Amino acid sequence: MSNGLEPIVIVMIEDDEGHARLIEKNIRRAGVTNAMVPFTTGLKALSYLLGPDASGKVHAGKHLLILLDLNLPDMIGIDILARLRESEHLRHVMVIVLTTTDDPAEIRRCYDLGANAYVAKPMQYDKFVDAIQQLGMFLSVVTVPEVS
């Protein structure tokens, strides 16, 4: 997965290690070889994404794709999404929400805050595997548009 310039880095924010392994395995199975930076807490992910000055400038000009779980142990993913969209340097990064929450109001809120896609993680293992395999196929063909 590349935009023709530098490779896209996938930032996965997922606290369930089993889900994280399954997500990465199926993304790799779909042929996506991009670097993946995993986080199990929102605070660590925000620290990485926003950088030391909390502006996101550390990632200015870089191409990121964020896989975001909403239910994290230290904060809710919606707060992370809001912080990303407040940053002039990160407001256009692609964010795919991956969560067990399928509440229509929650889904709408994510899209209102600028999520690019929302994938509900089915509670049944087989359905979850299918959803992640489809995500992997999606990521193998997607490109991130240039933002000027």
Side-chain angles (χ1 to χ4, degrees), residues 1-3 8-30 32 34-51 54-148:
M1 181 173 69
S2 175
N3 59 5
I8 297 165
V9 174
I10 300 170
V11 177
M12 179 172 39
I13 308 169
E14 168 64 67
D15 65 311
D16 184 308
E17 290 191 32
H19 285 181
R21 282 192 304 272
L22 187 62
I23 291 166
E24 183 168 8
K25 176 182 167 186
N26 284 289
I27 287 172
R28 300 297 183 214
R29 185 178 290 163
V32 177
N34 297 58
M36 189 171 293
V37 182
F39 293 96
T40 57
T41 68
L43 290 175
K44 287 181 182 175
L46 277 177
S47 177
Y48 169 79
L49 290 165
L50 296 175
S55 74
K57 187 174 183 176
V58 69
H59 292 291
K62 295 182 183 173
H63 302 286
L64 303 175
L65 169 76
I66 300 171
L67 304 177
L68 176 62
D69 184 11
L70 292 185
N71 302 309
L72 299 165
D74 58 342
M75 64 191 311
I76 59 171
I78 285 188
D79 291 341
I80 295 171
L81 182 57
R83 292 282 304 276
L84 294 174
R85 296 312 186 219
E86 290 168 1
S87 165
E88 71 177 280
H89 304 290
L90 299 173
R91 71 173 45 123
H92 297 293
V93 298
M94 181 178 244
V95 177
I96 298 175
V97 174
L98 295 169
T99 188
T100 55
T101 304
D102 63 356
D103 173 40
E106 195 84 358
I107 295 169
R108 190 174 320 104
R109 188 167 177 214
C110 287
Y111 282 122
D112 287 347
L113 284 170
N116 298 92
Y118 189 102
V119 178
K121 295 188 290 191
M123 294 308 290
Q124 295 169 320
Y125 182 79
D126 290 343
K127 289 185 178 180
F128 180 55
V129 170
D130 289 344
I132 296 305
Q133 286 175 340
Q134 289 174 18
L135 173 66
M137 288 184 281
F138 171 74
L139 294 180
S140 70
V141 298
V142 74
T143 58
V144 175
E146 279 297 310
V147 177
S148 49

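Treat the numbers as computed from the prediction; the structure is a model and nothing was measured. This chain uses plain numbering: 1 for the first residue, then up along the sequence.
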### Summary
In short, His89 meets Ala60 closest at the heavy-atom pair ND1-CB, 3.7 Å
### Message
Let me confirm one number: the CG-OG distance from Leu49 to Ser87, rounded to the nearest 0.5 Å.
### Response
9.0 Å
#### Entry: Test item: Tyr111 side-chain N/O and Tyr118 main-chain N/O as donor-acceptor pair under 3.5 Å
yes
### Task
Keeping to residues at least two apart or across chains, list the salt bridge (Lys or Arg N to Asp or Glu O under 4.0 Å) pairs with something in residues 72-96.
none
### Summary
Tightest non-hydrogen contact, residues Leu90 and His59, listed as CD2-CB, 3.9 Å
### Query
Can you check whether Leu67 reaches Ile27 side chain to side chain, under 4.5 Å on heavy atoms?
yes
### Message
Among residues at least two apart in sequence or on other chains, which ones pass side chain to side chain contact (heavy atoms under 4.5 Å, CB included) with Leu113?
### Response
Ile78, Leu81, Ala82, Arg109
Side-chain polar contacts of residues 38-48 - donor-acceptor pairs under 3.5 angstrom, sequence neighbours left out - could you list them?
residue: Thr41; atom: OG1; partner: Lys44; partner atom: N; Å: 3.3

### Message
Among residues at least two apart in sequence or on other chains, which ones pass salt bridge (Lys or Arg N to Asp or Glu O under 4.0 Å) with Arg108?
### Response
none
### Task
Look up atom CG in Asp16 and atom CZ in Arg21, then write down how far apart they are to the nearest 0.5 Å.
8.5 Å
### Task
Any pair with a residue in residues 63-72 that passes salt bridge (Lys or Arg N to Asp or Glu O under 4.0 Å), sequence neighbours left out, goes on the list, sorted by first then second residue, please.
Asp69-Lys121
### Message
Rounded to the nearest 0.5 Å, what separates atom CG in Leu68 from atom CD in Glu14?
### Response
9.5 Å
## Note on the structure
So CD1 of Ile10 and CG of Asn34: to nearest 0.5 Å the spacing works out to 5.0 Å
## Note on the structure
Heavy-atom closest pair (Cys110 atom, Leu70 atom, distance to 0.1 Å) is SG-CD1, 3.8 Å
### Query
With distance as the sole test, does Asn116 use its side chain to make a donor-acceptor pair with the main-chain N or O of Val95 at under 3.5 Å?
yes
### Query
Just how far is it from atom CG of Leu65 to atom CE of Met36, taken to the nearest 0.5 Å?
8.5 Å
#### Entry: Ile23/Met12 under side chain to side chain contact (heavy atoms under 4.5 Å, CB included): CA gap, chis, key distance, verdict
CA-CA 9 Å; Ile23 291 166; Met12 179 172 39; 3.7 Å; yes
